[in-house]
Amino acid sequence: MYARGKGKGCILAPMILLAFLLVVLPGWTQAAYKLQERYSWTQLDFAFPNQRVKEQALASGDYIPQNALPVGVEHFGNRLFVTVPRWRDGIPATLTYINMDHSVTGSPELIPYPDWRSNTAGDCANSITTAYRIKVDECGRLWVLDTGTVGIGNTTTNPCPYAVNVFDLTTNTRVRRYELRTEDTNPNTFIANIAVDIGKNCDDAFAYFSDELGYGLIAYSWEQNKSWRFSAHSYFFPDPLRGDYNIAGLNFQWGEEGIFGMALSPIRSDGYRTLYFSPLASHRQFAVSTRILRDETRVEDSYHDFIALDERGPNAHTTARVMSDDGVELFNLIDQNAVGCWHSSMPYTPQFHGIVDRDDVGLVFPADVKIDENKNVWVLSDRMPVFLLSDLDYSDVNFRIYTAPLGALIENTVCDLRNNAYGPANSVSIPKQAPTSPLYTKQYRPTLQLPQKPQLLPGAPWVPPPSRNYLPAGSSNAIGRGISSVSVSTNTVGPAGIEVPKAYVFNQHNGLTYETSGPHLFPQPVAQTQTDGLKSYVNARQSGWWHHHHQG
């Protein structure tokens, strides 16, 4: 998508831009920010070996600061990785990191990873040409898909093939390079997203790649060092009814955007995970067991093993998603300058979706969302539409990286199943026999049973907005207000030791109160206000214009 723009974007006059900047939407002036700004830049800078080399790069055009845009983020140990695609000239490195011991906050220089030589464009066998999304696995390996491209839109060239690169973060050496097969791609292929699935050990590893414009899903086996492609599958295609977009007050249509964002569930009772994914031109999420994706023989006959979940609601296009090891999914909402959430023990319906943070200045465009090994959330925003179609103001902050503990981020949202502080419990009867998970069988399809007469409960107490100022981990005032990351508590019930969250939740914005207390996969709500459901807003308070086939 980034690399295959066709120039169909709208050109907006400066006066329209100014008008949108002056709009004030009532009700959002007291936003309760939870994400804390850790790093920010007016423009990106790189850690050259010395000032003389940097000046030479500037003079030769090998480094053009205004041409660099960060699109991917990942955290491991004391390093925060940031990817910068080579869309325009003057990008000295595409795979970089921040040494967080040396740069706690501020606007640090980006250090090429693992070194400068490994970031040489066009050196296919030894280097990374362009990286987008990256992933660290639980075995201390960094997975990077090199798209092999230079340029953007009609300027795109492919000096190198698509190749999977895996680095050992202990030794900082590349331990695997695998070129995707010719059969894994097609002339329309564009892959910018990756999910990594670790099974019973570190050799039992698979990576999944979403082909957004070629409409396919590629699986790669670490142990077999082999890949295969699922394609000609309608769930990978865009929804023709969801190609209409509203971002920052601008209405436009992208009809071609297929499978993009992906997230993997925790390991289920049968030993496999669930892969959740969404096409960009869609408000719907789909799911499939990795039991299917790991089996090369299923590429042609697996249609009925995929599950179509409900729609998220209006203005709910998303490109990035991630799921914690206790089942909380986070995803960006590009229409809303926001990050949303859903707890995977709940039905995938709008009333069970929450907004964990929204910011019409700082979260335009929330390009990437990750959860690290310590359950801290990282969000990169980059104002990508302004970069692509207009001119960024390099006297202003354009790129930001936010962080917050997952527990603090979902607190007091419908995704928080950890407490019962917001009203009396409303029991849901436990079925005598838990239904088989719909993610692994075709026969069972859960339905949501809503009560005929909703009960109204008093709202939760108001919580004052936390500070946006960052305090490093280990401070006595963690993240500005003494909140630590707390896991969702579970009780082991039901067959096969299935762990089921048990909690009581009331959310004054979504108006839901329910209890989960049994082994059923989809507990039903037992109380609901007249204002249930998420309300989506088109925010027009921030400059940000988009372009067909260019996004985060």
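Reckoned from all heavy atoms, side chains included, excluding hydrogens, waters and symmetry mates.
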* Side-chain donor-acceptor contact under 3.5 Å, T185 with D211 -> no
* Are S118 and R174 close enough that a side-chain donor and a side-chain acceptor fall under 3.5 Å? -> no
In a table with atom names and distances, give each donor-acceptor pair under 3.5 Å that connects a side chain of residues 63-73 to protein atoms at least two apart or in another chain.
| residue | atom | partner | partner atom | Å |
| --- | --- | --- | --- | --- |
| Y63 | OH | L44 | O | 3.0 |
| Y63 | OH | D45 | OD1 | 3.1 |
| N67 | ND2 | D89 | O | 2.8 |

* Asked: Does I355 reach the side chain of L333, with side-chain heavy atoms less than 4.5 Å apart?
  -> yes
* Asked: Taking all non-hydrogen atoms of both residues, which atom of Q43 and which atom of F399 are closest, and how far apart?
  -> CA-CE1, 4.0 Å
* Asked: Is there a donor-acceptor pair closer than 3.5 Å between any side-chain N or O of R86 and the backbone N or O of I91?
  -> yes
* Do W222 and Y178 have their ring centres less than 6.0 Å from each other? -> no
* Asked: F209: what forms a ring pair (Phe, Tyr, Trp, His ring centres under 6.0 Å) with it, not counting sequence neighbours?
  -> none
* Asked: Under the 3.5 angstrom rule, does the side chain of K370 hit a backbone N or O of V136 as a donor-acceptor pair?
  -> no
* For residues F286 and F236, establish whether the separation of their ring centroids is below 6.0 Å. => no
* Structure fact -> Interatomic distance, OH@Y272 vs CG@L293, rounded to 0.5 Å, equals 11.0 Å
* Asked: Are R176 and Y220 in a cation-pi contact, defined as NZ or CZ under 6.0 Å from the six-membered ring centre and within 45° of the axis?
  -> no
* To do: Verify the ring-centre separation between F167 and Y113: is it less than 6.0 angstrom?
  => yes
* Asked: Does the pair S289 and R268 meet the rule for a side chain to side chain donor-acceptor pair (under 3.5 Å), with working shown?
  -> CA-CA 9 Å; S289 170; R268 305 293 192 187; over 6 Å; no
* Asked: Which of parallel (below 30°), tilted (30 to 60°) and perpendicular (above 60°) describes W342 and H353?
  -> perpendicular
* **Backbone N/O of A163 and side chain of R177: donor-acceptor pair under 3.5 Å** => no
* Identified ring pair (Phe, Tyr, Trp, His ring centres under 6.0 Å) partner of H233 from the options Y235, F237, F230 -> Y235
* Asked: Do the rings of Y132 and W87 sit parallel, tilted or perpendicular, given the 30° and 60° boundaries?
  -> tilted
* To do: Answer yes or no: is there a donor N or O on one side and an acceptor on the other, between the side chain of S231 and the main chain of G216, under 3.5 Å?
  => no
* Looking at side-chain heavy atoms only, is the closest gap between D115 and N172 below 4.5 Å? -> no
* Structure fact -> Of all heavy-atom pairs linking A320 and V369, the shortest is CB-N, 4.1 Å
* For S60, all residues meeting side chain to side chain contact (heavy atoms under 4.5 Å, CB included), sequence neighbours excluded -> D62
* To do: Report the C-alpha separation of M323 and T274 in whole Å, then their side-chain angles, then the decisive distance to 0.1 Å, and conclude whether the side-chain contact (heavy atoms from CB on, under 4.5 Å) test is met.
  => CA-CA 10 Å; M323 185 173 286; T274 299; over 6 Å; no
